[in-house]
Amino acid sequence: MSEYNFAYLDEQTKRMIRRAILKGLAVPGYQVPFASREMPMPYGWGTGGVQVSAATLTPEDTFKVIDQGADDTTNAVSIRKFFENTADVETTEETEKATVIQTRHRIPEAKLTEDQILVYQVPIPEPLRFLEPRETETRKMHSLEEYGLMHVKLYEDISQHGAISTSYAYPVKVSDRYVMDPSPIPKFDNPKLEMDAIQLFGAGREQRIYAVPPHTKVVSLDFEDYPFEATKADHPCDLCGAEDSYLDEVIMDDAGNRMFVCSDTDYCRSRRAAGHVGRLAEEGAA
Amino acid sequence: MTPLLQVKRIEKRYGARIGCADVSFDLYPGEVMGIVGESGSGKSTLLNCLAGHLEPDAGQIIFDTRADGPVDTVTMSEPERRMLGRTDWAFVHQHARDGLRMSVSAGGNIGERLMAVGDCHYGDIRDKAIDWLDRVEIDEGRVDDRPTAFSGGMQQRLQIARNLVTGPRLVFMDEPTGGLDVSVQARLLDLLRGLVREMGLSAIIVTHDLAVVRLLADRLMVMKDGRVVEAGLTDQVLDDPQHAYTQLLVSSVLQV
């Protein structure tokens with residue numbers, strides 16, 4: 001254990017963040033401003049998520065970090081180490097064992113339970129930002145529930161591409177009130193936003209926290225004649241054979257060979273441990 | 001008949017200076033009112049007060065709403081006022097860039113107001129957008145082009161289409177023909193006159209171009225230093241100006 005206060009942040013800061021989290025849970029989808037602290041990592045690397053995790057963790061928690069579904073990428077490894085050092089909490093790569101999961105741009109494939117908290121890293125919390133650059137105006141639009149502009153974006157998608165081409169950070173309406181950016185998760189994950197676990201969203205640079213309480217209605221925006229579709233690569237996982245998980249495409253060589261693998265590494269690993277085998281798994285082992 | 005809009009002693013000050021003061025008039029359904037005056041006479045201030053963009057310091061603006069009859073828009077809640085701004089009112093800016101979303105296609109621009117009032121059927125929205133492009137004489141093949149690719153006159157017509165798509169009853173226009181060359185102006189005026197008559201719109205047009213009001217407006221108000229100096233039927237005011245300033249204004253028009 002290092003000389004840091006538990007989970008790096010001082011107690012006053014954690015109280016301030018917890019107040020923002022509680023407010024966010026009380027008003028699902030509403031972006032609560034908070035006094036984001038400078039963290040020992042650059043903006044864009046999850047400073048918001050880390051602060052929310054720090055305020056949420058208790059010494060008894062088991063912590064898991066994923067980056068695009070993977071436990072073993074730089075971002076995930078360094079944030080996990082950060083809390084191992086500063087909070088001395090148990091860490092795990094297994095989704096079921098974790099009590100707090102910090103995620104960048106994915107929701108784990110395994111169904112989360114009421115005992116778990118999912119913390120998202122959010123780059124830009126404002127779903128209307130690219131259509132309306134003025135913060136004063138977007139706040140007013142949220143408070144007056146003027147969300148026509150969000151559909152303009154989807155309209156533009158269809159008119160240009162023939163279908164809603166927004167494939168990540170797909171806007172949702174939470175509890176029939178606030179339109180929310182679910183962070184850049186693939187729209188494949190959108191239906192999972194209605195879950196049993198608590199979902200907290202932290203944006204460090206933009207200084208916003210918002211939340212979706214368990215069992216809250218979350219609807220992806222769409223048109224009557226162009227309904228929302230959760231899409232993924234039309235392929236089974238080449239390592240574990242899963243047909244229901246979100247896949248990453250990996251280019252193998254310059255001759256057009258490629259493979260599709262689960263982006264959720266823990267899900268893929270546990271399936272392989274249970275004996276599921278994909279198209280390329282045996283060659284890979286050999 | 002109930003007036004569509006009753007303006008009672010509207011006043012707007014910028015500190016000690018007067019923006020506009022003591023302006024009162026009634027506007028009846030289907031009527032077009034022109035407001036003329038030199039720059040700095042308070043025309044635009046008045047228009048922005050009427051349209052809810054500025055908060056007047058005194059006075060009442062009573063609009064005959066569809067649901068609740070005459071309501072004072074100055075004291076009504078902001079969501080209600082903004083709702084009016086999206087449905088029953090339209091505002092045509094002098095510069096089309098102020099009234100359009102330049103990074104959104106023409107169809108999206110027209111559809112925005114429809115989507116803002118809860119329309120969420122893509123096919124319907126697109127059909128209406130194409131219909132309106134046709135009505136403002138823009139080729140329907142340009143529905144997916146951005147306004148940045150349009151000429152000034154087309155942008156202005158697109159702005160008009162975008163505003164009229166929800167079937168408003170009152171249109172505010174701030175120098176709708178400013179900055180356009182004369183032949184484009186003439187076509188735009190033709191178009192506006194057609195739409196106003198066809199849809200039975202009421203309109204308030206602010207301009208410094210007397211020819212525009214001669215063509216479009218039924219009634220005319222002349223403003224100077226924030227106050228109305230003369231008001232009456234357009235032809236009457238232009239042909240027989242009573243106030244010294246109106247006489248000056250009418251005599252300053254260049255004859256071709």
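So you know, we letter chains A, B, ... as the sequences are listed, proteins then strands, and number each from 1. Heavy atoms only: backbone and side chains are in, while hydrogens, waters and symmetry mates are out.
- Under the 4.5 Å side-chain criterion, counting only non-hydrogen atoms from C-beta, A/K140 is in contact with B/R82.
- Heavy-atom neighbours of A/D244 CG from other residues, nucleotides or ligands within 6.0 Å: above the threshold of 12.
- When all heavy atoms are compared, the tightest approach of B/P79 to A/L144 is CG-CD2, 3.3 Å.
- Atom OG of A/S159 and atom CG of B/D145 lie 10.0 Å apart (nearest 0.5 Å).
- Under a cut-off of 6.0 angstrom, the local environment of OH in A/Y168 is sparse, with at most 12 non-hydrogen atoms contributed by other residues, nucleotides or ligands.
- Interatomic distance, CG of B/D119 versus NE2 of A/H151, reported as 9.5 Å (0.5 Å rounding).
- Put simply, the side chain of A/Y226 does not reach to within 4.5 Å of the side chain of B/H121, judged on heavy atoms.
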Can A/Y155 and B/E112 be said to form a side chain to side chain contact (heavy atoms under 4.5 Å, CB included), step by step? CA-CA 9 Å; A/Y155 172 94; B/E112 181 179 345; over 6 Å; no
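- No side-chain heavy atom of B/D144 sits under 4.5 Å from any side-chain heavy atom of A/Q160.
- Within a 6.0 Å sphere centred on CZ of A/R129, heavy atoms belonging to other residues, nucleotides or ligands number more than 12.
- Contact check for A/E156 versus B/R101: no side-chain heavy atoms found under the 4.5 Å cut-off.
- When the shell of 6.0 Å around CD of B/E140 is examined, it contains 12 or fewer heavy atoms from other residues, nucleotides or ligands.
- Within 6.0 Å of CD in A/E137 there are more than 12 heavy atoms belonging to other residues, nucleotides or ligands.
- In this structure, B/R66 places its CZ atom where more than 12 heavy-atom neighbours from other residues, nucleotides or ligands lie under 6.0 Å away.
- At a threshold of 4.5 Å between non-hydrogen side-chain atoms, the residues B/M115 and A/M150 do not count as touching.
- Note that the SG atom of B/C120 and the CG atom of A/L221 stand 9.5 Å from one another [nearest 0.5 Å].
- Contacts between B/R113 and chain A at a heavy-atom distance below 4.5 Å are absent for every atom of the residue.
- Around the CZ atom of B/R187, the shell of radius 6.0 Å holds no more than 12 heavy atoms that belong to other residues, nucleotides or ligands.
- Heavy-atom pairs under 4.5 Å with chain B peak, among A/D225, A/I158, A/V152, at A/D225.
- Taking CD1 from A/I164 and OH from B/Y122, the interatomic distance works out to 10.0 Å, rounded to the nearest 0.5 Å.
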